[in-house]
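See structure below.
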Amino acid sequence: MNRKIALITGASRGLGRSAAVHLAAQGIDIIGTYNSRADEAQALVTELQALGAKAAMLQLDVGRSENFAAFAAQVEQILGQTFERQRFDFLINNAGVGVHALFSETTPEQFDLLMNVQLKGPFFLTQQLLPLINDGGRIVNISSGLTRFSLPGYGAYAAMKGAMEVLTRYQAKELGARQIGVNVLAPGAIETDFGGGTVR
Ligand SMILES: NC(=O)c1ccc[n+]([C@@H]2O[C@H](COP(=O)([O-])OP(=O)(O)OC[C@H]3O[C@@H](n4cnc5c(N)ncnc54)[C@H](OP(=O)(O)O)[C@@H]3O)[C@@H](O)[C@H]2O)c1
């Protein structure tokens, strides 16, 4: 039986990296993306291969949806070359940035950054990648506990995550026809580099 393949955005660090390592240890091959940390990405490929997985890391800025068609073409190419497959099975929309700003002080630039990376990015990236996801596959959208409890300074960030949770229900409804399950994972605070390491 074919091994399954997961595509994880923001796999170079933090939760995405951890997910890649845990999935690889369970026999799943990995296509990961990184934004700025090519060195971390290469180190991860080596670690995943040592676990017996096929692995590739591609550069992607989730905030720049105008590049998604070219990214999808790159994924298609690497699927054929490295994985000898035409499609992958699991998409994990994990890449994200944290902005800490009170509602009264949040700037349009901060709002746009969060909207582009946390909402518009996963919306149109998933749309673009749909033809490459196997029927019966899975999509996981990473949200945050901050959609359920409120801490000062996270209004814009949590609003985008809340929108992703609503979108997830619509994706599940519409993609159910292809037996693609869509779920939200909403972690609490985890010590990563997120938001400049504020959780630490
Ligand atoms: N840590 C927490 O407490 C926490 C709690 C709830 C939810 N979350 C969510 O969990 C997800 C992962 O967070 P984390 O804690 O693992 O963060 P992290 O350690 O800061 O890692 C962020 C990852 O996202 C990538 N990334 C950042 N900006 C990007 C962009 N514009 N385009 C593409 N990739 C980008 C980074 O790539 P490079 O390293 O290559 O730049 C890195 O791989 C985020 O969606 C976050 O909102 C985190």
Side-chain angles (χ1 to χ4, degrees), residues 6-24 30-48 55-72 74-75 90-101 106 109-126 128-129 139-168 182-200:
L7 193 158
I8 307 170
T9 65
S12 44
R13 283 183 291 140
L15 306 188
R17 187 183 208 290
S18 177
V21 171
H22 280 84
L23 289 173
I30 305 292
I31 301 173
T33 77
Y34 66 97
N35 184 32
S36 60
R37 304 288 283 270
D39 51 340
E40 303 273 0
Q42 190 46 51
L44 178 63
V45 168
T46 305
E47 187 175 340
L48 296 175
M57 291 290 282
L58 301 174
Q59 200 281 332
L60 175 71
D61 183 343
V62 173
R64 299 191 57 187
S65 52
E66 69 273 19
N67 296 335
F68 290 171
F71 175 75
Q74 225 184 332
V75 171
F90 312 125
L91 171 62
I92 304 174
N93 283 308
N94 163 77
V97 284
V99 172
H100 184 262
T106 302
E109 290 74 22
Q110 289 172 321
F111 185 95
D112 287 347
L113 173 68
L114 287 167
M115 190 175 69
N116 286 332
V117 174
Q118 302 280 14
L119 179 57
K120 185 178 178 185
F123 187 109
F124 287 104
L125 183 66
T126 303
Q128 192 73 55
L129 292 174
I139 298 171
V140 177
N141 294 321
I142 305 297
S143 178
S144 165
L146 290 165
T147 59
R148 279 168 194 76
F149 49 80
S150 307
L151 295 181
Y154 290 104
Y157 169 80
M160 304 307 162
K161 292 296 198 186
M164 275 308 295
E165 294 191 5
V166 173
L167 173 65
T168 300
V182 193
N183 291 92
V184 159
L185 182 69
I190 302 173
E191 292 184 31
T192 65
D193 296 340
F194 187 70
T198 46
V199 180
R200 283 199 193 98

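Values reported hereafter were calculated over all heavy atoms of this structure, with side chains retained and with hydrogens, waters and symmetry mates removed. When a ligand or atom number is given, it counts from 1 through the structure's own listing order. Along the sequence shown, the residues carry numbers beginning at 1.
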inquiry  = Could you walk me through whether Arg13 and Arg37 satisfy the side chain to side chain contact (heavy atoms under 4.5 Å, CB included) test, starting with their C-alpha distance in whole Å, then the side-chain angles of each, then the deciding distance to 0.1 Å, before giving a yes or no?
reply    = CA-CA 8 Å; Arg13 283 183 291 140; Arg37 304 288 283 270; 3.7 Å; yes
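- Nearest heavy atoms, Thr147 versus Gly162: CG2-N, 3.5 Å.
- Of the listed options Ile92, Thr198, Asn94, Asn94 places a heavy atom closest to atom 44 (C) of ligand 1.
- Under 4.0 Å from ligand 1, not a single heavy atom of Ala38 appears.
- Considering only heavy atoms from C-beta on, Tyr157 comes within 4.5 Å of Gln118 through its side chain.
- Considering backbone and side-chain atoms alike, Val117 places every N or O at 3.5 Å or more from each N or O of ligand 1.
- Residue Gly145 has no nitrogen or oxygen atom sitting less than 3.5 Å from a nitrogen or oxygen atom of ligand 1, judged on distance alone.
- Of the protein's non-hydrogen atoms, Val62 N, 2.7 Å is the one closest to atom 32 (N) of ligand 1.
- The shortest N/O to N/O separation between Ser36 and ligand 1 falls below 3.5 Å.
- Checked by atom type, the side-chain pair Thr126/Asn93 shows a donor-acceptor distance below 3.5 Å.
- At a 3.5 angstrom cut-off on N or O pairs, Asp61 counts as close to ligand 1.
- Within the 4.5 Å cutoff, the side chain of Lys161 has no heavy atoms near those of the Leu146 side chain.
- Residue contacts with ligand 1 for Leu15 involve both N, CA, C or O and side-chain atoms from C-beta outward (heavy atoms, distance under 4.0 Å).
- For Phe111, the CZ atom counts as loosely surrounded, since its 6.0 Å shell holds 12 or fewer non-hydrogen atoms of other residues, nucleotides or ligands.
- Within the structure, the closest approach of Ile190 to ligand 1 falls below 4.0 Å when heavy atoms are considered.
- Closest to atom 13 (O) of ligand 1, if we only count protein heavy atoms, is Phe194 CD1, 3.8 Å.
- Residue contact check: Tyr157 has heavy atoms under 4.0 Å from atoms 7 (C), 8 (N), 9 (C), 46 (C), 47 (O) of ligand 1.
- Of the candidates Gly14, Gly96, Gly32, Ala189, it is Gly96 that places a heavy atom closest to atom 22 (C) of ligand 1.
- Ligand-side atoms of ligand 1 in range of Leu60: 32 (N), 33 (C), 34 (N), range being under 4.0 angstrom from any heavy atom.
- Put simply, no part of Ala186 is less than 4.0 Å from ligand 1, judged by heavy atoms.
- Residue contacts with ligand 1 for Lys161 involve side-chain atoms from C-beta outward but no N, CA, C or O (heavy atoms, distance under 4.0 Å).
- In terms of protein heavy atoms, atom 35 (C) of ligand 1 is closest to Asn35 CB, 3.6 Å.
- Looking at heavy atoms from C-beta onward, Met164 lies in side-chain contact with Leu119 at the 4.5 angstrom threshold.
- Of the residues listed (Thr33, Thr9, Asn141), the one engaging Asn94 in a side chain to side chain contact (heavy atoms under 4.5 Å, CB included) is Thr9, and it is the only one.
- Residue, atom and distance of the protein heavy atom nearest to atom 15 (O) of ligand 1 are Thr192 OG1, 2.5 Å.
- At a threshold of 4.5 Å between non-hydrogen side-chain atoms, the residues Leu23 and Ile8 count as touching.
- What sits closest to atom 43 (O) of ligand 1 on the protein, heavy atoms only, is Ser12 OG, 2.8 Å.
- Rounding to the nearest 0.5 Å gives a distance of 6.5 Å between OG of Ser65 and CZ of Phe124.
- Near Tyr34, with a cut-off below 4.0 Å to any heavy atom, the atoms of ligand 1 are 40 (O).
- Residue His100 holds its NE2 atom at 10.5 Å from CD of Gln110, rounded to the nearest 0.5 Å.
- Residue-level proximity to ligand 1 for Thr9 is absent, since no heavy atom of it falls below 4.0 angstrom.
- Given atom 7 (C) of ligand 1, the protein heavy atom at minimum distance is Ser143 O, 3.1 Å.
- Interface of Gln118 with ligand 1, defined as ligand atoms under 4.0 Å from a residue heavy atom, comprises 45 (O), 47 (O).
- Heavy-atom minimum distance, Gly32 versus Ala11: CA-CB, 3.9 Å.
- Scanning all protein heavy atoms for the shortest distance to atom 5 (C) of ligand 1 gives Gly188 O, 3.2 Å.
- The nearest non-hydrogen atom to atom 36 (C) of ligand 1, considering only Met57, Arg200, Met164, Arg13, comes from Arg13.
- Shown in contact with Val199 at under 4.0 Å from a heavy atom are these atoms of ligand 1, numbered in order with element: 3 (O).
- Closest heavy-atom contact between Leu114 and Ala156: CD1-CB, 3.7 Å.
- Interface atoms of ligand 1 facing Gly10, defined by a heavy-atom separation under 4.0 Å, are 23 (C), 24 (O), 25 (C), 43 (O).
- Under a cut-off of 6.0 angstrom, the local environment of CZ in Arg64 is sparse, with at most 12 non-hydrogen atoms contributed by other residues, nucleotides or ligands.
- Considering NE2 of His22 and CD1 of Ile30, their distance stands at 11.5 Å, rounded to 0.5 Å.
- With respect to atom 28 (N) of ligand 1, the closest heavy atom belonging to the protein is Val97 CG1, 3.5 Å.
- Put simply, the side chain of Ile142 does not reach to within 4.5 Å of the side chain of Val184, judged on heavy atoms.
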